[in-house]
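Below is one structure; the comments refer to it alone.
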Amino acid sequence: ERAHEALIETWHTLTRWVDESRDDLAFLEEVSDAARLWDKRGRKPDELWLGEALAEATRALDRLTSKVPGLVQAFIEGGRQQHRRRRVQRRVLVALAFIALAGVTVVLALQKQDADRQRALAEARREQSESEQAQSLREGARAAVTQGRWLAARATLRSALGIADA
């Protein structure tokens, strides 16, 4: 009678264990099928489980109490390695994108600096040219004064002053 009472008290626990074992066996069969197919097709990396399927398989394997076949272990480990490779590839691509962006930024900064330098040089040349033109006009006005051509001297001097004021 004690055994009967103990069985009644632990029946729910036993039922849960049986259900968990049944789920574990179903999972093990599913992952074994996938691993056999992966092996049969030449163990191609693109046929490995990744993402949520891999995470779920890893959790399920950690729960299993029965022995996991070597092929299944290799299949899951291949998925883990593929996951790590893809993560590294993503990081490398992000790093390369940042390097490329930095390179473009440097090139643009150098181009802007060169354009500013060219603009300043052109402005200095323009000012020099205007200064030389005004000086030439002043000399022309001086020559006109010495020759007694007052109106020509006045007009030339006004032109020189107009250039100097600009």
Side-chain angles (χ1 to χ4, degrees), residues 1-135 162-166:
E1 185 171 312
R2 284 185 186 241
H4 185 264
E5 286 177 22
L7 186 58
I8 290 173
E9 290 174 9
T10 60
W11 185 256
H12 295 294
T13 304
L14 291 172
T15 303
R16 190 182 77 239
W17 288 348
V18 168
D19 288 343
E20 287 175 359
S21 292
R22 191 175 296 133
D23 291 344
D24 289 347
L25 289 174
F27 161 76
L28 193 54
E29 184 60 32
E30 179 184 353
V31 73
S32 292
D33 288 345
R36 279 191 294 275
L37 187 59
W38 169 71
D39 188 51
K40 181 180 175 184
R41 291 182 176 172
R43 296 187 176 208
K44 296 177 184 170
D46 58 335
E47 293 183 2
L48 292 165
W49 285 358
L50 298 172
E52 187 56 36
L54 178 62
E56 185 179 329
T58 301
R59 286 190 299 269
L61 284 178
D62 291 342
R63 278 193 322 260
L64 281 178
T65 56
S66 59
K67 184 174 182 336
V68 178
L71 183 60
V72 171
Q73 290 175 352
F75 179 70
I76 297 300
E77 183 55 33
R80 288 178 183 148
Q81 288 175 0
Q82 182 71 359
H83 175 74
R84 283 190 292 271
R85 274 192 297 274
R86 286 187 179 183
R87 189 174 54 221
V88 167
Q89 287 172 345
R90 279 191 304 270
R91 287 179 181 168
V92 167
L93 286 175
V94 167
L96 289 175
F98 277 121
I99 290 169
L101 184 60
V104 167
T105 303
V106 167
V107 167
L108 290 176
L110 290 174
Q111 286 179 342
K112 182 187 181 312
Q113 187 179 33
D114 187 49
D116 291 346
R117 190 174 24 254
Q118 292 291 335
R119 190 175 12 266
L121 182 60
E123 179 65 23
R125 286 180 180 160
R126 185 188 60 78
E127 288 174 2
Q128 178 66 30
S129 173
E130 288 175 356
S131 174
E132 289 172 359
Q133 185 180 8
Q135 180 63 31
I163 291 173
D165 288 343

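Along the sequence shown, the residues carry numbers beginning at 1. All values below come from the heavy atoms of this structure, side chains included, with hydrogens, waters and symmetry mates left out. Nothing here was measured: the structure is a model prediction, and the numbers come from that model.
- Listed here is the closest heavy atom pair of Ile163 and Ala134: CG2-CB, 4.0 Å.
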Determine, step by step, whether Asp62 and Arg59 satisfy the salt bridge (Lys or Arg N to Asp or Glu O under 4.0 Å) criterion, reporting the C-alpha distance in whole Å, the side-chain angles of both residues, the deciding distance to 0.1 Å, and the verdict. CA-CA 5 Å; Asp62 291 342; Arg59 286 190 299 269; over 6 Å; no

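- Rounded to the nearest 0.5 angstrom, Leu108 CG and Gln113 CD are separated by 12.5 Å.
- Across Leu71 and Arg43, no two heavy atoms sit closer than the pair CD1-NH2, 3.2 Å.
- In this structure, Glu77 CD and Thr58 OG1 are separated by 9.0 Å, a value rounded to the nearest 0.5 Å.
- Note that the OG1 atom of Thr105 and the CG atom of Leu110 stand 11.0 Å from one another [nearest 0.5 Å].
- Scanning all heavy atoms of the two residues, the minimum distance from Ala57 to Ile76 falls at CB-CD1, 3.6 Å.
- Using bins of under 30°, 30° to 60° and over 60° for the plane-to-plane angle, the ring pair Trp49/Phe27 lands in the tilted bin.
- Dense packing is recorded around CD of Gln135, with more than 12 heavy atoms of other residues, nucleotides or ligands lying under 6.0 Å away.
- Between Leu48 atom CG and Arg80 atom CZ the span is 12.0 Å, to the nearest 0.5 Å.
- Under 4.0 Å is where a charged nitrogen must lie from a carboxylate oxygen, and between Arg126 and Glu123 at least one such pair does.
- Proximity of a side-chain donor or acceptor of Ser129 to a complementary backbone N or O of Arg125 within less than 3.5 Å is not detected.
- The shortest heavy-atom contact between His83 and Leu50 is N-CD2, 3.9 Å.
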Under 3.5 Å, which donor-acceptor pairs link side chains of residues 86-97 to any protein atom two or more places apart or in another chain?
none

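- Salt bridge present: Arg36 and Asp33 bring a charged side-chain N and a carboxylate O closer than 4.0 Å.
- Side-chain N or O atoms of Ser32 include one that pairs as donor or acceptor with a backbone N or O of Leu28 at under 3.5 Å.
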